[in-house]
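Source: prediction; values computed, not measured. In what follows, chains carry the letters A, B, and so on, assigned in the order in which the sequence lines appear, proteins first and then strands, with residues in each chain numbered from 1.
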Amino acid sequence: MNQLMNIENILQDAVIGGIKELYNTDVDSSQITLQKTKKEFKGHYTLVTFPLLKISKKNPEQTAQEIGTYLAAHSAVIADFNVIKGFLNLTISSSVWADLLNQINQDPEFGIVAPADDAPLYMVEYSSPNTNKPLHLGHVRNNLLGHSLCEVLKANGKKVVKTNIVNDRGIHICKSMLAWQKWGNGETPESSGKKGDHLIGDYYVLFDKNYKAELAELQSQGLTKEEAENQSVLMNEAREMLRKWESGDEEVVTLWSTMNSWVYTGFDETYKKLGVSFDKIYYESQTYLAGKDEVLRGLKEGLFYQQEDSSVWADLTSYGLDHKILLRSDGTSVYMTQDIGTAKLRFDDYPIDTMIYVVGNEQIYHFQVLSILLDILSFEFGKGLVHYSYGMVELPEGKMKSREGTVVDADDLVEEMVNTARETSAELGKLDDCTPEEANEIARMIGLGALKYFILKVDPKKNMTFNPKESIDFNGNTGPFIQYTHARIKSILRKAEIQGIEIPETLSTGISLSEKEEGLVQLVSEFQAIVKQAGEEYNVSLIGNYVYELAKEYNQFYHDYQILKEEDVAVRDFRIVLSKNVALTIQKGMKLFGIEVPERM
RNA sequence: GGCGCGGUAGUUCAAUGGAUAGAAUAGAAGUUUCCUAAACUUUAGAUUUGGGUUCGAUUCCCAGCCGUGCUACCA
């Protein structure tokens, strides 16, 4: 048996064994309710006996008493127990915590499960930008969730392919191209000093501005809104450009590649700043035809139907859904068609066991339909696809609206966070003995740590409010608070080294831990359990709160023990901090977040 | 209209169907200037409403209210 398994599992097995012995009944682990003992009661873990009453056929107190007595007598793990109402509070013996701590300490890969050869392969799609505008705050949540999800899966022994689908074709990019052609005077990222994605985004806005002006002009001549939209010269030119692109017109395609390459350079910079990356990138320009082929095959096989205007539709009424268009009357493809094509290519490329799409919750319907369509087209992976959806990010001032210009640009946001971090640290005099380079690096880590932690600590499925100012506070449930804790730990270690304090490799066995020390080890081991569990539940925010718990406990601990005193310091390596007896690993958790941890700040 | 998602202290977030619903932050009162810290202690403050299931419901079910998203030949 793996000694590293957490104490909860050991307890669970002990309880199952005890019930078998006492009541001659087999129970499975789902019937065992074990939870952390509330801090106002004595004990570490609590068994709730109510679900077991049918088996014991006794009242809650008696049942708890019997199981407690049995466990204390038969399990080396249990040092003591007490019963309050139907709750059996179990105290784990100190030596178990000490042993656990030694195991944690000796395993540099603690909490990480290496992937087996036959481990399931997860492909995770995230980010999914359009090439007509820069990334914004919503993309930041997407990227951080997607990336964290991949890291959690990897830590749980899964094979992971991180992928991105770039929406690089369609009318939107033609709008930018057209505006650039008309009014750009050959401007390039080099000539203007603008980041490529911002440059293109500016032309997209410019198109929209002129298009709106044109519509207003036409409407003032007495046309209806619809008529104006149909007669718009600009829009018709953009449509014409899309047709040329689809037919491979050399000039248009060349312009398209040039402008997209500017955007990609810009995206790469943003991704690098955010610390996210991809193993394989798909482009819709390369997948949409495959989707079209699949739809046409479906039509031929009678799975879909065609209307008189020759548009192709799927009838999903038997699934309780509506009719869904798959090919327009002019034969061009829609979003759904492209996703079908992309899915096909992906499954041709990789032996994917589970496909996960990290996409906002406004597209729940889309992925519901995609799943059904893939299934209809007899792709076996269709049914099992996972739409990992998340809520919107709002600001304290309200919702982001592109029309009202209240969209927060990702690059601007990162810059602002880093600047705020620099200012705050400088004000507190923390950067005084740093070189400018060091100060910049520290500001970068704090700024990004604040952003990442604030976004990841919230339950993904909920809408959230991002408050830049609160996120960067050195106190409270924030990234900087955790980083700061780490920096202080490092400071202690530096001082310990200067004082020539020896760090023992392991704790001596039979050592007696204080209650608080036991609590710390408990937190560490629970954290490990949750990291593992989280891989299955995809609950990143839970991990966030536990990392915070650890940091908070450390602070309290530090306070109580005054561990700077020479004889109290007993620390082994950089990952771990100790007081008299207890070490605490926190860097692993922070790595999961991709939050970098400064050594001083 | 139909469908989906959400509704917890002033605010931002927690709570596998379990004990007195936790934190943080802002507020109030007090102690302090020691650790890489304006910190520490104390205090006040919340489950949208009405039913149901259960020994027990923030959690599950039904209905209402509020918010939000989807319901495009946009992506």
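Distances from the side chain of A/Glu362 to the nucleotides B/rA19, B/rC73, B/rG69 place B/rG69 closest. Counting only heavy atoms from C-beta on, A/Lys85 has its side chain closest to B/rU20 among B/rU20, B/rG4, B/rA14. Nearest nucleotide to the side chain of A/Lys461, out of B/rA75, B/rG6, B/rA38: B/rG6. If you check B/rU12, B/rG18, B/rA75 against the side chain of A/Glu470, the one that comes closest is B/rU12. Relative to the side chain of A/Arg328, the nucleotides B/rC74, B/rA38, B/rU12 differ in distance, and B/rC74 lies closest. Closest contact between the side chain of A/Thr465 and the listed nucleotides B/rC13, B/rA37, B/rA19 involves B/rC13. Taking every side-chain heavy atom of A/His172 into account, B/rA75 is the closest of B/rA75, B/rA19, B/rC13. Among the nucleotides B/rC73, B/rA19, B/rC13, the one closest to any side-chain atom of A/Val458 is B/rC13. Checking B/rA75, B/rA24, B/rG7 against every side-chain atom of A/Tyr548, the shortest atom distance belongs to B/rA24. Here the side chain of A/Lys39 is nearest to one of B/rU25, B/rG22, B/rA19, namely B/rG22.
When rounded to the nearest whole Å, the span between CD of A/Gln35 and C1' of B/rA15 equals 11 Å. As a whole-Å value, the separation of A/Gln31 CD from B/rG18 P is 16 Å. Residue A/Lys57 contributes atom NZ, which lies 17 Å from atom C1' of B/rC55 at whole-angstrom precision. Atoms CG (A/Leu316) and P (B/rC70) sit 19 Å apart, rounded to a whole Å. Atom-to-atom, CE of A/Met464 to P of B/rC13 comes out at 6 Å; the value is rounded to the nearest Å. Here B/rC73 presents its P atom at 13 Å from NE2 of A/His323, a figure rounded to the nearest Å. Computed from coordinates, the A/Ile325 CD1 to B/rU71 C1' distance equals 15 Å when rounded to whole Å. Distance A/Asp322 CG to B/rC73 P: 10 Å, rounded to the nearest Å.
A/Gln368 comes within 4.0 angstrom of no nucleic acid atom, judged by non-hydrogen atoms across all strands. Heavy atoms of A/Glu40 sit nowhere under 4.0 angstrom from any nucleic acid atom. Among the atoms of the strands shown, none is found under 4.0 Å from any heavy atom of A/Asp473. When heavy atoms are screened at a 4.0 angstrom cut-off, A/Asn130 is found touching the sugar-phosphate backbone but no base atom. Base contact: A/Pro51 has a heavy atom under 4.0 Å from a base atom.
Of the nucleotides present, none pairs with B/rA19 by Watson-Crick or G-U wobble criteria with both distances under 3.5 Å. Across all strands shown, the partner of B/rU68 is B/rG4, judged by Watson-Crick or G-U wobble contacts whose two distances both fall under 3.5 Å. Of the nucleotides present, B/rA24 is the one that pairs with B/rU11 by Watson-Crick or G-U wobble criteria, both distances under 3.5 Å. Across all strands shown, B/rA37 forms no Watson-Crick or G-U wobble pair with both distances under 3.5 Å. Here B/rU54 sits opposite no nucleotide as a Watson-Crick or G-U wobble pair (both hydrogen-bonding atom distances under 3.5 Å). Here B/rA44 sits opposite no nucleotide as a Watson-Crick or G-U wobble pair (both hydrogen-bonding atom distances under 3.5 Å). Here B/rC74 sits opposite no nucleotide as a Watson-Crick or G-U wobble pair (both hydrogen-bonding atom distances under 3.5 Å). Judged by Watson-Crick or G-U wobble contacts below 3.5 Å, the nucleotide B/rA63 has B/rU49 as its partner.
Stacking between A/Phe87 and the base of B/rA19 is present: ring centres sit under 5.5 Å apart and the planes differ by under 30 degrees. Residue side chain A/Phe41 meets the stacking definition with respect to B/rA19: its ring centre sits within less than 5.5 angstrom of the base's six-membered ring centre, and the planes differ by less than 30 degrees. A stacking contact links A/Phe50 to B/rG18: the aromatic ring centre lies within less than 5.5 Å of the base's six-membered ring centre, and the planes differ by less than 30°.
The closest side-chain donor-acceptor pair between A/Ser176 and A/Asn132, if any, does not fall under 3.5 angstrom. In this structure, a donor-acceptor pair under 3.5 Å is absent between the side chains of A/Asn475 and A/Tyr484. Using modelled atom types, one finds no donor on one side chain facing an acceptor on the other under 3.5 Å when comparing A/Asp473 with A/Thr478. For A/Thr46 and A/Thr37, the side-chain atoms include at least one donor-acceptor pair closer than 3.5 Å.
The base of B/rA24 lies outside donor-acceptor range of the side chain of A/Thr478, with no N or O pair under 3.5 Å. Looking at A/Asn89, its side chain comes within 3.5 Å of the base of B/rA19 through a donor and an acceptor atom.
Using a 4.5 Å cut-off on side-chain heavy atoms (C-beta onward), A/Pro396 and A/Glu470 make no contact. Using a 4.5 Å heavy-atom cutoff, the side chains of A/Val263 and A/Val166 are not in contact.
A distance of about 38 Å separates the P atoms of B/rC5 and B/rA44, rounded to the whole Å. Rounded to the nearest Å, the gap between the C1' atom of B/rA21 and that of B/rG56 is 14 Å. Comparing the P positions of B/rU11 and B/rG27 gives a spacing of 15 Å, expressed to the nearest Å. Separation of the P atoms belonging to B/rU25 and B/rC65 is 39 Å when rounded to the nearest angstrom. Comparing the C1' positions of B/rA57 and B/rU49 gives an interatomic distance of 16 Å, to the nearest angstrom. Distance check on atom C1': B/rG69 versus B/rG22 gives 30 Å, rounded to whole Å. Here, B/rU41 and B/rA23 have their P atoms 12 Å apart, quoted to the whole Å. The gap from the P atom of B/rA72 to that of B/rG2 amounts to 16 Å, rounded to the nearest Å.
Residue A/Lys462 has a polar side-chain atom (N or O) positioned under 4.0 Å from OP1 or OP2 of B/rA14. Look at A/Asn475 and you'll find a side-chain N or O under 4.0 angstrom from OP1 or OP2 of B/rA39.
A/Tyr126 has its ring centre no less than 6.0 Å from the ring centre of A/Tyr390.
Atom CH2 in A/Trp256 sits 9.5 Å away from atom CZ in A/Arg169 (nearest 0.5 Å).
Mapped onto RNA chain B by nearest heavy atom, A/Ser329 and A/Phe454 fall at different nucleotides, with A/Phe454 at the one closer to the 5' end. Nearer the 5' end of RNA chain B, as judged by each residue's closest nucleotide, is the contact made by A/Ile364, out of A/Phe466 and A/Ile364.
When atom types are taken as modelled, the side chain of A/Asn89 and the backbone of A/Phe81 share no donor-acceptor pair closer than 3.5 angstrom. Judged by distance alone, the side chain of A/Gln522 and the main-chain N or O of A/His44 form a donor-acceptor pair under 3.5 Å.
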